[in-house]
Amino acid sequence: MKDAVEIQKRQGFILIRFFIILVFIYIIKLFYMQVINYKYYYEKAKDNMLKTDYSSAPRGKILDRNNKMLADFFLSYQLVVIPQKITNNPDVLSSIAKMTNRINLDEVAAILNDVKNPLNPVVIYTFIDTFSVKKGNKQRDEEMAFLHKIWQSQNEYPGIEIHKVPLRSYRYPENLCHVLGYVGEITAEQLIKLNLDNPNLYIPGDQVGRSGIEKQYEDKLHGKRGRSSKLITAKGRHLTSETIVESAVPGKDLVLTIDVDLQNAAQTALENRFAGTVIAMNPKTGEILALACTPTFNANMLSRGVSVKLWKAISQDPLHPLLNRAIQAAYPPASTFKVVTAGAALQARLISPFEMLKPCTGRYRYGDRLFYCWEKTGHGGNLDLNKGMTYSCDIYFYQVAERLGLERLTEYSKLCGFGFLSGIDIPYERRGLVPSERYYNLVFGKGNWGRGVSLNLAIGQGEMLVTPIQLITLFSGIANDGVVVQPHVLKEIRFQGKLEEKFIPKTYHLPFSKQNIQYIKEAARRVIAAKNATGKEARIKGLETAGKTGTAQNPHGPNHAWFVGFAPVNDPEICVVVFLEHGIAGGTYAAPIFRKVVQSYFALKNKRIKDGSSANYLAGDKEVQTGI
C-alpha cells in the first residue's frame, strides 16, 4: 500500500514538472513572438486585417500625326467571378444569369474550366459604355438596371464582384483596325511571360495588346496599376475607409505617322473590293500615312469580349478579316517586279536603256519552250527600256532575263529587300519568298527544273512572293533616288503631354546607281504618261506621277491586281501601293484607286495650307493643282 502511494506521488510530481515545462515553453514562445520577432508577426497580423484592391491603369492614348484621337479609354464595369468562392455555390451563376439574357452559362462554364488558379478573378461580363452612351438607349438602361441589382444584393452572391475598369475605345474601330489592332484579356501564358522582368506588373483581368500597334508597343501603352487597402474584420466588414497606397499611372501616349483623313479616304476607295489593301507612304521619311485593308473587323467589339459564336464566325470567315494584307499576305508581284529586272540588268551592264531588243510578236522561244506576252498579238517593233516598261512587254523582259540568269536575278531581288522583313513596326510581318537555285533543287529535285524559271520570275510570276509593304518600300527607294527609309507607323512617344522619344528609322541604299535609278524613274513616268500606256488610269491632271501596273496570275480564280507609284516625279512626297485580290487587271482596277488616294492626299494638303494647319503634315508646303 505504501508503495502504491509513493508511485502516485512520483507520478504527480512528473505531471507537475511536465506542466511547468509546458508553461515555460509557452512563455518563451510568447516572448519570442511578442518581443524578439514582434515586427514579423505584427506585419502578418496586419495583412490578415487588410484587404488590398488593385485599380487598373488606363492605357496610353493613340493619336494621328495631326493629334486627332484614334484610341482613348472609358470607365466601365466588369462582372468578375472568383472561381474558388463559387465552387460550393453552383446556384450563384444561375441566379445572376436570370437577371439578364446576356450571360451564357455554357460559355462561362467553359471559361472557368480553363482557369488554372481558382483564386484569380475571371471576367465573365463587361457592361456597355455606360459613361458615353446616353440615357434612353435600351441596352444601356437594361444593363444599368442589371448592374444596380447586383450591387444592392452583392452580399447574397459570394464569389461575385463588380470591378470598375478603364476599357479601350477606338474612334475608327473598322477603318484603323489593322493598324491599331485590338486588346484582350491577358492569358495565363502572357501573365507569366510579361511578368518575368517586372513581377506583378500584370494581374489577371488586365488588358493587353493582341495585334497591331497595341501589341507592338504594349510596354509603352500599359501603365502601372494603383493599389489601395481597407481594414476589415474576419467577416469582411470594413473598419476604416479606403487608403490609397499607390495611385495608378496611365500608359504613355503614342503619336502615329498616320493621317486619319487620308486613311479614311483610302478605306473608302477600297469599299467595293472584297479583299485588298492600300498603303500610302512618305518616301523621304518612311512614314506610313495610310494603311487600309479590306475586309475589316470592329476593334471595339473584339476588345470588349465576344461570344464564342461570334469569334468563330470572324476567325473562320473565308475572306479572313483579321489578316493584315499589307504586311501578312504575300503574292506574286507580277509586272511591278520588272523594275528590279531592269535595274539588275542595267547595273550589271547587260543592257543599256536605249538598246533595242527583238520585236514582240506575242511569243518567245527559249530552248524547247514557248513563253507568251500578255498582249497576245504582240507589241510590234523593236523595244527599248522605256517602251518595254510603258507597255509592260513580257517579251522584252524575257530577253533581259535570259542575259541575267537566275542567280543574278535572285541576288538583286534580295538586295532590293525581297525575302526580308521591311522593319515596319506592326507585328507578324511576313518575309515573302525569293526562290533560288537551292530552293528549286529542294522542291523539284536537283536538276529536275527548267532554266526557264528565270524568265517567269523576271516578269514577277512563278514562285516569287512579296508583300505590299515590301513593294512600296522598294518603290519609295526608287522615288527617293535610291535611299530606302524603314517604313514605320510610330512618330513619337509622349508621357503626360511631354515628348519622350522620337522614332528614328534605319536606312539603306538600293543596289543601283543614281543614273540607273533615273532611267527607271523615267520609264515609270511613261507607264502613266505615254499614249496607250498600261497605267494611264493613274493620270492626275496637273501632277506628274510615275508607277507600274501588275496583274498576277492566280490558279485559284481571277487574277490579282497591283499598282504602285509615287508623285510628284521630281520631288516625291507620297508613294502608294494598291493590291486587290481577284482584281483582274492592275491597270484597269488598281490604278484608279491609286489616283483617288493621291488626289485625296494633295486635296487635304492644299486645304491645310489654306487653313494654316499644315505644320505637322508633310515637308512640302507648296500648293499642288491636281484637277480636283
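Computation of the quantities below employed the complete heavy-atom set of this structure, encompassing side-chain atoms and omitting hydrogens, waters and symmetry-equivalent molecules.
- The one candidate from V578, I472, V577 that meets the side-chain contact (heavy atoms from CB on, under 4.5 Å) condition with V278 is V578.
- In the model, Q347 has a side-chain atom that pairs as donor or acceptor with a side-chain atom of N516 under 3.5 Å.
- The closest side-chain heavy-atom distance from H379 to W374 is below 4.5 Å.
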Donor-acceptor pairs under 3.5 Å, side chain of residues 561-572 to any protein atom, not counting sequence neighbours: which ones?
from: W562; atom 1: NE1; to: P332; atom 2: O; distance (Å): 2.9
from: D571; atom 1: OD1; to: K284; atom 2: NZ; distance (Å): 2.5

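- With a 4.5 Å cut-off on side-chain heavy atoms, P353 and L346 count as touching.
- No side-chain heavy atom of L471 sits less than 4.5 Å from a side-chain heavy atom of I279.
- More than 12 heavy-atom neighbours from other residues, nucleotides or ligands sit within 6.0 angstrom of CD on E544.
- K548 is listed as a side-chain neighbour of M389, based on a closest heavy-atom distance under 4.5 Å.
- Applying the side chain to side chain donor-acceptor pair (under 3.5 Å) test to every pair with at least one member in residues 317-336, sequence neighbours left out, gives these pairs: R325-E581, Y331-E581, S335-K338, S335-S392.
- Judged purely by distance below 3.5 Å, without hydrogens or angles, the side chains of D64 and Q263 never pair a donor atom with an acceptor atom.
- In this structure, the ring of F297 has its center less than 6.0 angstrom from the ring center of H178.
- Annotation for I504: atom CD1 does not count as buried by contact number, only 12 or fewer foreign heavy atoms lying within 6.0 Å.
- Distance CG/L490 to CD/E287: 10.0 Å, rounded to 0.5 Å.
- The shortest distance between side-chain heavy atoms of L291 and I424 falls below 4.5 Å.
- Taking 4.5 Å as the limit, some side-chain heavy atom of I258 sits within range of a side-chain heavy atom of V489.
- In this structure, CG on L415 lies 11.5 Å from CG on L474, to the nearest 0.5 angstrom.
- One finds no salt bridge joining K68 and D259 here, because no Lys/Arg side-chain nitrogen approaches an Asp/Glu carboxylate oxygen to under 4.0 Å.
- Under the 3.5 Å distance criterion, with hydrogens and angles disregarded, no donor-acceptor pair is assigned to the side chains of N300 and S303.
- Judged by distance alone, with hydrogens and angles left aside, the side-chain atoms of Q486 form no donor-acceptor pair with the main-chain N or O of P505 at under 3.5 Å.
- A salt bridge between E522 and R525 is present, with a side-chain N of the basic residue lying under 4.0 Å from a carboxylate O of the acidic one.
- Closest non-hydrogen pair, S454 versus G405, comes out as CB-C, 4.2 Å.
- Take F475 and apply the ring pair (Phe, Tyr, Trp, His ring centres under 6.0 Å) test, not counting sequence neighbours, and it matches no residue.
- Among residues at least two apart or in separate chains, side chain to side chain donor-acceptor pair (under 3.5 Å) pairs with a member in residues 455-471 are Y440-E463, T467-Q470.
- Of the inter-residue distances, the one linking N175 atom CG with N264 atom CG reads 4.5 Å to the nearest 0.5 angstrom.
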Step by step, would you call T294 with E271 a side-chain hydrogen bond (donor to acceptor under 3.5 Å, both in side chains)? CA-CA 8 Å; T294 187; E271 273 185 355; over 6 Å; no
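- Here the OH-CZ distance, from Y508 to F420, works out to 9.5 Å after rounding to the nearest 0.5 Å.
- Of the candidates K521, K514, H509, K521 is the only one forming a side-chain hydrogen bond (donor to acceptor under 3.5 Å, both in side chains) with D481.
- Ionic pairing of R403 and E355 is present here: one or more N-O contacts between side-chain nitrogen and carboxylate oxygen are shorter than 4.0 angstrom.
- Classification of the H488-F503 ring pair by plane angle, with boundaries at 30° and 60°, yields parallel.
- I426 contributes atom CD1, which lies 9.0 Å from atom CG of L180 (distance to the nearest 0.5 angstrom).
- T390 approaches A533 most closely through the heavy-atom pair CG2-CB, 3.7 Å.
- No side-chain donor from either of N554 and N559 sits under 3.5 Å from a side-chain acceptor of the other.
- Residues satisfying the side chain to side chain donor-acceptor pair (under 3.5 Å) test with Y170, not counting sequence neighbours, are E214.
- Using cut-offs of 30° and 60° on the angle between ring planes, the pair H560 and H582 is tilted.
- Looking at P435 and M464, their side chains come closer than 4.5 Å, going by heavy atoms from C-beta outward.
- By the 6.0 Å contact criterion, OH on Y589 is open, its count of non-hydrogen atoms from other residues, nucleotides or ligands being 12 or less.
- For Y366, the side-chain contact (heavy atoms from CB on, under 4.5 Å) criterion is met by Y364, F371, E402, R451, L455, not counting sequence neighbours.
- For P468 against T277, the heavy-atom pair with the smallest separation is CG-CG2, 3.7 Å.
- When all heavy atoms are compared, the tightest approach of I469 to S422 is CG1-OG, 3.6 Å.
- You'll find the side chain of I574 stays beyond 4.5 Å of the side chain of N282, heavy atoms only.
- With rounding to the nearest 0.5 Å, the separation of SG in C373 from OH in Y391 is 12.5 Å.
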